[in-house]
Amino acid sequence: MNVSAPLDSDTGEESDTVSDSGLIVAVDGPSGAGKSSASRGAATELGLRYLDTGSMYRALTWWLLDRGVDVGDAGTVGALAAEPRIEVGTDPRAPWVRVNGTDITSVIRTREVTGAVSAVAAVPRVRAHLIAQQRDIIAKAGGVVAEGRDIGTVVAPDAPVKVYLTAAGAERASRRAAETSRSPAATRMDQDRRDRLDSGQSGKADDAVEIDSTHLSLDQVVDTIVRLAREYSGVPHPRHQSQ
Ligand code: DC
């Protein structure tokens, strides 16, 4: 396990950041709701680290596929869960993922990995192992925006700022389709399948603030998360400082 070097001083030195507070911001929600972009943007603005927990499930899935393991065989997947060394970089401006020292930041986004990861993430031994790692990274981060499906409910239920980010299914699919060469209809079918498979691992915490991003820009979502974090930390929003 690895938490990369502290943020560059230009990110952490602002007096209007919450970077010294050890604040944990949990961002959960379904795929395609914009969690990654919003979490990275908010972490950068707040001077916090960033943890993409989905990338850890993807990294394990990539390693299993690379070894030719049948990801439908839950027993084998569970038995191998702790074998690869998975490391993540938590700089929100350039997150990375490594397995046994090999950088796999890009290849974990392929259709092959995306199609297989839900089965891997549903295996209890996989979850127990990766959740323990995630808690350790969060504990050592000194302030982090952590995104996933179960951060506010399971990984960090004591996080003082929790967001549940959603968007209408058609909007999520069209955003995803715009990033790939696939049609919105095909993307929607994949998305519905993943939503079904991931539903057991996903949940909105009772105390999470729900943000429906269907009609919001990325900046508006980032701004809402940043405002919630600043309100909790008692750090004034820059725009409101002179008022
Ligand atoms: O957010 P993502 O698409 O990169 O997530 C990849 C997979 O991992 C997805 O199937 C949901 C699962 N996941 C999970 O079960 N728990 C998390 N905290 C994060 C992701």
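Along the sequence shown, residues are numbered consecutively beginning with 1. For ligands, and for the atoms within them, numbers begin at 1 and follow the listed sequence. Computed from a predicted structure; not experimentally measured.
Here the protein heavy atom with the shortest distance to atom 16 (N) of ligand 1 is Arg127 NH2, 3.1 Å. The shortest contact between atom 20 (C) of ligand 1 and any protein heavy atom is with Gly54 CA, 3.5 Å. Asp198 OD1, 2.8 Å is the protein heavy atom nearest to atom 10 (O) of ligand 1. Among all protein heavy atoms, the one lying closest to atom 12 (C) of ligand 1 is Ala121 CB, 3.8 Å. Tyr57 CB, 3.6 Å is the protein heavy atom nearest to atom 8 (O) of ligand 1. In this structure, the protein non-hydrogen atom closest to atom 18 (N) of ligand 1 is Asp150 OD1, 2.7 Å. The shortest contact between atom 3 (O) of ligand 1 and any protein heavy atom is with Arg194 NH2, 2.7 Å.
For the 3.5 Å distance criterion, the side chains of Ser36 and Glu147 qualify, holding a donor opposite an acceptor. No donor-acceptor contact under 3.5 angstrom links the side chains of Ser217 and Asp219, judged on distance only. For the 3.5 Å distance criterion, the side chains of Thr114 and Arg176 fail to qualify, holding no donor opposite an acceptor.
Residue Arg149 touches ligand 1 through backbone and side chain together, judged by heavy-atom distances below 4.0 Å. Here Arg58 has side-chain heavy atoms under 4.0 Å from ligand 1, and that is the only part of it that gets that close. Contacts of Glu147 with ligand 1, taken as heavy-atom pairs under 4.0 Å, are absent altogether.
In this structure, Glu179 does not pair ionically with Arg175, as no charged nitrogen and carboxylate oxygen lie closer than 4.0 Å.
Annotation for ligand 1: atoms under 4.0 Å from non-hydrogen atoms of Arg109 are 4 (O). Atoms of ligand 1 found under 4.0 Å from any heavy atom of Thr53 (numbered from 1 in listed order, with element): 17 (C), 18 (N), 19 (C). Atoms of ligand 1 found under 4.0 Å from any heavy atom of Gln201 (numbered from 1 in listed order, with element): 15 (O).
Between Ser118 and ligand 1, at least one pair of N/O atoms sits closer than 3.5 Å.
Ligand 1 does not have Arg176 within reach: every non-hydrogen atom of the residue lies 4.0 Å or more from it.
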Might you work through the salt bridge (Lys or Arg N to Asp or Glu O under 4.0 Å) test for Asp223 and Arg227, ending with a clear yes or no?
CA-CA 6 Å; Asp223 214 51; Arg227 191 165 40 75; 5.4 Å; no
